[in-house]
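As structure tokens, the structure follows; a few thoughts come after it.
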2 protein chains.
Amino acid sequence: MNRIIYKMNIAPLLKYMSHYITLTQEEENILVSKVLYKKYLKGQYIVQQGDVCKYSGFVVSGCTKTFYVDEEGQEHIVMFSVEDWWASDMGSFVTQTPADFNVQCIENTELIIFSHDTIEELYSEIPKLERFFRQIVEKGLAASQKRIVRSFSLSAKEQYVHFRNQYPKMEQRIPQYMIASYLGITKEFLSKIKSQLILEQ
Amino acid sequence: MNRIIYKMNIAPLLKYMSHYITLTQEEENILVSKVLYKKYLKGQYIVQQGDVCKYSGFVVSGCTKTFYVDEEGQEHIVMFSVEDWWASDMGSFVTQTPADFNVQCIENTELIIFSHDTIEELYSEIPKLERFFRQIVEKGLAASQKRIVRSFSLSAKEQYVHFRNQYPKMEQRIPQYMIASYLGITKEFLSKIKSQLILEQ
DNA sequence: AATAAATATTAAACTAGTTTAACATCATTT
DNA sequence: AAATGATGTTAAACTAGTTTAATATTTATT
């Protein structure tokens with residue numbers, strides 16, 4: 001059997017982690033030995049709604065969308081993940097309950113994968129990681145709360161302007177109809193908002 | 001100086017924690033020595049928007065609302081906390097950044113308080129607590145995500161029915177205009193929804 | 001019991017955002 | 001270069017939810 005060994009680009013993860021915790025060389029080695037490196041093609045799924053999310057991926061390169069399909073079959077995007085973000089249903093991964101969300105690549109994407117099966121070993125061999133993941137989830141919670149606040153108190157136009165300001169580079173790589181879905185509006189209405197904004201200047 | 005010592009009702013917290021971790025008697029004693037017990041009157045604030053949230057409270061009895069005031073001065077409720085819930089801006093407490101939210105008592109409320117100043121001591125004396133708080137925050141994240149999904153994919157009427165089914169007892173103790181605020185609609189429209197629902201049966 | 005304060009209802013006029021449908025543009029494959 | 005599929009625009013008719021304003025009901029206070 002043929003096994004493809006990808007060259008693992010671990011540096012972005014280590015740099016990212018260094019904002020939270022400091023690992024010794026030996027701890028880094030343990031970490032590297034317990035994560036996977038995976039390449040996905042555009043269109044492939046990392047997580048599927050209803051499955052328990054066994055893997056949590058750190059995006060080394062590429063872009064994913066995290067979305068939900070409602071009873072009418074309508075797709076609602078809740079997050080985009082680019083470099084240095086997490087591609088996962090964190091809620092499902094950490095609680096090991098069925099995922100609310102799909103995570104799908106909208107570009108070819110390279111991920112460093114944490115598997116739930118090995119994460120308990122990682123916690124016991126590198127206790128600091130428990131703190132790391134706690135902080136990641138905390139940040140995720142704070143971001144999720146802020147998202148709720150925005151959707152409560154801002155009009156669609158204001159939310160779009162906020163998105164554009166906060167993630168100026170994402171707009172170039174993500175099709176507009178997906179941004180509309182992220183904002184919770186139709187693509188037609190986003191189109192209208194954009195033409196309004198152009199007239200306003 | 002007069003110091004009021006309240007009788008601390010710690011049992012509900014210990015029972016709640018037992019779903020996540022098992023504490024020894026000694027660990028329980030440490031815990032009790034490092035938390036505070038506080039009684040608030042209806043109307044009092046536990047957390048104020050803009051302040052760093054130094055305290056996270058476990059509700060022993062009573063009820064609080066967590067809300068946000070937008071630029072137009074409009075109040076948006078994001079959560080109610082009753083017995084066995086947390087009254088806190090968790091996002092602010094764990095990241096020690098300015099709170100997005102106010103937490104105010106809508107009934108007289110008794111809380112067991114974790115202070116951020118002592119929580120690091122608690123983590124080092126009872127490492128299990130780190131796991132406990134990680135799991136709480138994880139559950140909070142999962143709930144917050146589900147809330148976003150609902151507000152994306154359900155109509156106001158569906159959201160109200162969901163709320164009523166999920167928290168049947170809350171409706172009795174919380175005024176309707178606050179429930180409207182929680183659902184992100186006006187009190188007038190909730191009134192309309194309710195009369196529609198009555199006609200439908 | 002009377003008054004005041006807080007909470008809830010109703011209805012009409014309005015607005016933000018949806019739906020439908022037709023057309024336009026851009027990118028990819030042959 | 002033509003053809004196909006994916007993405008983006010425009011406009012008219014529509015609907016869910018808001019605003020305003022007047023009134024009703026419940027709860028708390030004297």
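All chains are named by letter (A, B, ...) in the order of the sequence lines, taking the proteins before the strands, and each is independently numbered beginning at 1.
Recorded end-axis angle for the helix from C/dA1-D/dT30 to C/dT30-D/dA1 stands at 40°, based on five pairs per end and rounded to 10 degrees.
By the salt bridge (Lys or Arg N to Asp or Glu O under 4.0 Å) test, A/K192 is found to be paired with no residue, residues two or more places apart in sequence or in another chain being considered. For A/S56, the side chain to side chain donor-acceptor pair (under 3.5 Å) criterion is met by A/S88, not counting sequence neighbours. Residues that satisfy the salt bridge (Lys or Arg N to Asp or Glu O under 4.0 Å) test with A/K157, not counting sequence neighbours, are A/E200. Residues that satisfy the salt bridge (Lys or Arg N to Asp or Glu O under 4.0 Å) test with A/E28, not counting sequence neighbours, are absent from this structure. For the side chain to side chain donor-acceptor pair (under 3.5 Å) test, no residue two or more places apart in sequence or in another chain qualifies with B/N9. Scored by the salt bridge (Lys or Arg N to Asp or Glu O under 4.0 Å) test, A/K54 finds no partners at all (sequence neighbours excluded).
Atom CG in A/L199 sits roughly 9 Å away from atom P in D/dT10 (whole-Å rounding). The distance between atom CD of A/Q196 and atom P of D/dG8, rounded to the nearest whole Å, is 18 Å.
A/F80 has its ring centre less than 6.0 Å from the ring centre of A/Y182. Checked against the 6.0 Å centroid criterion, the rings of A/F93 and A/F114 do not qualify as a close aromatic pair.
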- Starting from the C-alpha separation in whole Å, work towards a yes-or-no answer on side chain to side chain contact (heavy atoms under 4.5 Å, CB included) for A/S151 and B/I148. CA-CA 9 Å; A/S151 73; B/I148 291 176; over 6 Å; no
Cut-off 3.5 Å, no hydrogens considered: what does the side-chain donor-acceptor table look like for residues 118-126 of chain A, sequence neighbours left out?
| residue | atom | partner | partner atom | Å |
| --- | --- | --- | --- | --- |
| A/T118 | OG1 | A/S115 | O | 3.2 |
| A/E120 | OE1 | B/R131 | NH2 | 3.4 |
| A/E121 | OE1 | A/K34 | NZ | 2.5 |
| A/S124 | OG | A/E121 | O | 3.0 |
| A/E125 | OE2 | A/K34 | NZ | 2.8 |

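For residues 144-156 of chain B, the salt bridge (charged side-chain N to carboxylate O under 4.0 Å, His left out) pairs, not counting sequence neighbours, are A/D100-B/K146.
Using a 4.0 Å cutoff on non-hydrogen atoms, the parts of residues 165-182 of chain B near DNA chain C are B/P175, B/Q176, B/Y177, ordered by number.
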Short N/O separations, protein against nucleotides 27-30 of chain C, under 3.5 angstrom:
none

Atom pairs under 3.5 Å: protein N/O with N/O of nucleotides 11-20 of chain D:
| residue | atom | partner | partner atom | Å |
| --- | --- | --- | --- | --- |
| D/dG17 | OP1 | B/A156 | N | 3.3 |
| D/dT18 | OP2 | B/T186 | N | 3.2 |
| D/dT18 | OP2 | B/T186 | OG1 | 3.2 |

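Judged purely by distance below 3.5 Å, without hydrogens or angles, the side chains of A/Y160 and A/E171 pair a donor atom with an acceptor atom.
Within the 3.5 Å criterion, the main-chain N or O of A/G43 finds a donor-acceptor partner in the side chain of A/Q104.
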